[in-house]
There are 2 protein chains.
Amino acid sequence: MSNIEALPLVEPQVAEGVVPCCPPLTERPLTAEEAERTAAMFKALGDPVRLRLFSLVASHEGGEACVCDISDVGVSQPTVSHHLKKLKEAGLLTSERRGTWVYYRVEPSVMAAMGQMLTAATPVA
Amino acid sequence: MSNIEALPLVEPQVAEGVVPCCPPLTERPLTAEEAERTAAMFKALGDPVRLRLFSLVASHEGGEACVCDISDVGVSQPTVSHHLKKLKEAGLLTSERRGTWVYYRVEPSVMAAMGQMLTAATPVA
DNA sequence: CGTCTATGTTGACATACGTCGAACCAGGGC
DNA sequence: GCCCTGGTTCGACGTATGTCAACATAGACG
């Protein structure tokens, strides 16, 4: 077990504020703790309604959307609120109240970190 | 390198065999059907044990691993088999029996498609 | 203050999910 | 043939999850 000096290879081409959550999935096996944290993010996108809500916010003008603009996904309004809360807890969205309406926006760094685990992980095969 | 035509912005820099499952999440809202299919893939990576198993296979030599090599993730062996089946059903892994052992390997195209939904989706913000 | 609209929270319910032990297949040696 | 090892499937159990109706909260506007 030679000592590891190559810590920075975890982040090959990190964007601005990308949090280096975990190395690409092909780099090395995730530890139990890494898997726990990362799985929570993938899990947040693992529900059809949440994924639609997320894409609605992400594709909205300025990456920001009022709840009233994205509430038409086929479930009741409390359910929408529930899913938005889950996405917020996973760190994928942030919310801000401005006057009457609440606006949600995406957290680009987290999304980029997740993407890098998969794209940078495309193996030699 | 085959798709040089720049007609759909759905695939900006697709690798070889990437199935264009869905556009980047910032491109436009996903339809209900798109969300259903895509969420199933994210859901497969939304469990810590499955994520570890997947990274164990992906990081193994040649992107291929025998079940016996990756069974040490803290759960019983039937549970490992159960999770590998889920990953296979989600299209993320394929399995092949060679003699006594069963080998699992990653499906690079699916992984790349998921990554592109997130990386290509990094918004202007 | 009162009321109306926009969101979030609570409680309850049915279903899905992760986990295990035990039983069951598949090959390889003996 | 028999048994042994590697893997999967089955049945059951407890917990988590998605969903809704009902209620609660936050501003805006009179």
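Throughout, a chain's letter reflects where its sequence line sits, starting with A, and its residues are numbered from 1. None of these values were measured; they are calculated from a predicted model.
The shortest heavy-atom contact between A:Thr31 and A:Glu34 is N-OE1, 2.9 Å. Minimum heavy-atom separation, A:Thr38 to A:Cys22: OG1-SG, 3.1 Å. Residue B:Val102 comes nearest to B:Ser95 through the heavy atom pair CG1-CB, 4.2 Å, listed as atom of the first residue, atom of the second, then distance. Closest heavy-atom contact between A:Ala44 and A:Ala90: CB-CB, 3.5 Å.
Listed pair A:Tyr104 / C:dG8 meets the phosphate criterion, a side-chain N or O lying under 4.0 Å from OP1 or OP2. Proximity of B:Thr100 to the phosphate of C:dG27: no side-chain N or O atom is located under 4.0 Å from OP1 or OP2. Side-chain nitrogen and oxygen atoms of A:Arg98 include none within less than 4.0 Å of the OP1 or OP2 phosphate oxygen of D:dG27.
The number of heavy-atom neighbours closer than 6.0 Å to CZ of B:Arg28, taken from other residues, nucleotides and ligands shown, is 12 or below.
The stretch residues 77-86 of chain A comes close to DNA chain D through A:Pro78, A:Thr79, A:His82, A:His83, A:Lys86, each having a heavy atom under 4.0 Å from the strand. The stretch residues 38-47 of chain A touches DNA chain D through A:Lys43, A:Asp47, each having a heavy atom within less than 4.0 Å of the strand.
The side chain of A:Val67 sits closest to C:dG8 out of D:dG7, C:dT19, C:dG8. For B:Val49, the listed nucleotide lying nearest its side chain is C:dT19; candidates were D:dT19, C:dT19, D:dA26.
As a whole-Å value, the separation of B:Tyr103 OH from D:dG6 P is 12 Å. What separates CG of B:Leu53 from C1' of C:dT19 is a distance of 14 Å, to the nearest Å. Computed from coordinates, the B:Asp69 CG to D:dG6 C1' distance equals 12 Å when rounded to whole Å. The distance between atom CD of B:Glu89 and atom P of D:dT8, rounded to the nearest whole Å, is 12 Å. Atom CD of B:Glu96 and atom C1' of D:dT8 are 17 Å apart (whole Å). Taking atom CG on A:Leu87 and atom P on D:dG18, their separation rounds to 10 Å, with Å as the unit. The distance from atom CH2 of A:Trp101 to atom P of D:dA28 is 9 Å, rounded to the nearest whole Å.
Looking only at side-chain heavy atoms (C-beta outward), B:Leu92 and B:Met114 come within less than 4.5 Å of each other. Looking only at side-chain heavy atoms (C-beta outward), B:Val57 and B:Asp69 stay at 4.5 Å or farther from each other.
Pairs engaging residues 52-65 of chain B under the salt bridge (Lys or Arg N to Asp or Glu O under 4.0 Å) rule: B:Glu64-B:Arg98, B:Glu64-B:Arg105 [sequence neighbours left out].
For the atom pair A:Phe54 CZ and A:Tyr104 OH, the distance stands at 13.5 Å (nearest 0.5 Å).
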